[in-house]
Student: 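After the structure tokens below, expect a handful of questions from me.
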Amino acid sequence: MSELEINFIDAILIFVAAVIPLYLTFRLEGYLRLLSIALFAFVIIHVLYHTVAVIGYDDTADNIVQPLSVVAFIIFGLLYLKTKRSIVK
């Protein structure tokens, strides 16, 4: 398989997996809702990374979208820590 095919399959599978945090966004409240929104945002940005790579803009995917994905994941992690601390108290 070529890298193009792998990125295409990855984008489809990750997009399908985004349904779970999207569903949780509508079902949860409070901090857990924010957490599921952050996870959904990370997943969609990651899908965007693979989609941009499939289109042929590898430099844009690597230099712009991937760092954006990392920032979204860090925000998700920080929200997770905040949620975990609020549940423990």
Side-chain angles (χ1 to χ4, degrees):
M1 286 182 122
S2 70
E3 186 175 348
L4 175 74
E5 293 168 331
I6 292 173
N7 276 327
F8 182 71
I9 292 169
D10 283 347
I12 291 171
L13 293 176
I14 294 169
F15 185 74
V16 169
V19 171
I20 296 169
L22 181 63
Y23 172 76
L24 290 175
T25 298
F26 293 111
R27 301 289 297 178
L28 297 174
E29 297 176 356
Y31 285 120
L32 293 177
R33 183 176 187 166
L34 288 175
L35 193 62
S36 63
I37 290 170
L39 180 60
F40 179 72
F42 164 72
V43 171
I44 292 301
I45 293 170
H46 197 66
V47 168
L48 181 65
Y49 168 79
H50 287 285
T51 305
V52 170
V54 165
I55 294 171
Y57 296 107
D58 291 329
D59 290 337
T60 303
D62 291 336
N63 297 326
I64 296 173
V65 183
Q66 189 174 20
L68 188 61
S69 178
V70 170
V71 169
F73 192 64
I74 290 171
I75 291 171
F76 170 75
L78 293 173
L79 284 172
Y80 172 77
L81 289 175
K82 183 177 180 179
T83 303
K84 186 176 176 182
R85 288 183 183 157
S86 69
I87 290 173
V88 170
K89 288 181 181 181

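Side chains are part of it too, since the values below use all heavy atoms of this structure and drop only hydrogens, waters and symmetry mates. On a predicted model such as this, the values are computed, not experimentally measured, just so you know.
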Student: Heavy atoms only: give me the nearest Ala38-Leu79 pair and the separation to one decimal.
Tutor: CB-CD1, 3.6 Å
Student: For residues 59-70, which side-chain donor-acceptor pairs fall under 3.5 Å, sequence neighbours excluded?
Tutor:
from, atom 1, to, atom 2, distance (Å)
Asp62, OD1, Tyr49, OH, 3.1
Asn63, ND2, Asp59, O, 3.1

Student: Looking at every heavy atom in both His50 and Asp10, which two are closest together, and how far apart are they?
Tutor: CE1-OD2, 3.5 Å
Student: Should we say atom CD of Glu5 is surrounded by more than 12 heavy atoms from elsewhere, each under 6.0 Å from it?
Tutor: yes
Student: Is it the case that more than 12 heavy atoms not belonging to Ile20 sit under 6.0 Å from its CD1 atom?
Tutor: no
Student: Apply the test side chain to side chain contact (heavy atoms under 4.5 Å, CB included) to residues Phe15 and Ile44: give CA-CA distance (whole Å), side-chain angles for both, the deciding distance (0.1 Å), then the verdict.
Tutor: CA-CA 7 Å; Phe15 185 74; Ile44 292 301; 4.2 Å; yes
Student: Quick one: OG on Ser36 to OH on Tyr23, what's the gap to the nearest 0.5 Å?
Tutor: 11.5 Å
Student: Which heavy-atom pair separates Ala18 from Phe40 by the least distance, and what is that distance?
Tutor: O-CD1, 3.5 Å
Student: Report the distance from atom CD1 of Ile55 to atom CZ of Phe8, rounding to the nearest 0.5 Å.
Tutor: 11.0 Å
Student: Within the 4.5 Å heavy-atom criterion, are Lys82 and Leu34 side-chain neighbours or not?
Tutor: no
Student: Nearest 0.5 angstrom please: Ile9 CD1 to Met1 CE, how far?
Tutor: 3.0 Å
Student: Considering only heavy atoms from C-beta outward, does the side chain of Tyr80 approach that of Leu35 to under 4.5 Å?
Tutor: yes
Student: Could you measure the distance from the CD1 atom of Ile45 to the CD1 atom of Ile14? Nearest 0.5 Å is fine.
Tutor: 12.5 Å
Student: Going from CG on Leu28 to CD1 on Ile37, what distance comes out if it is rounded to the nearest 0.5 angstrom?
Tutor: 9.5 Å
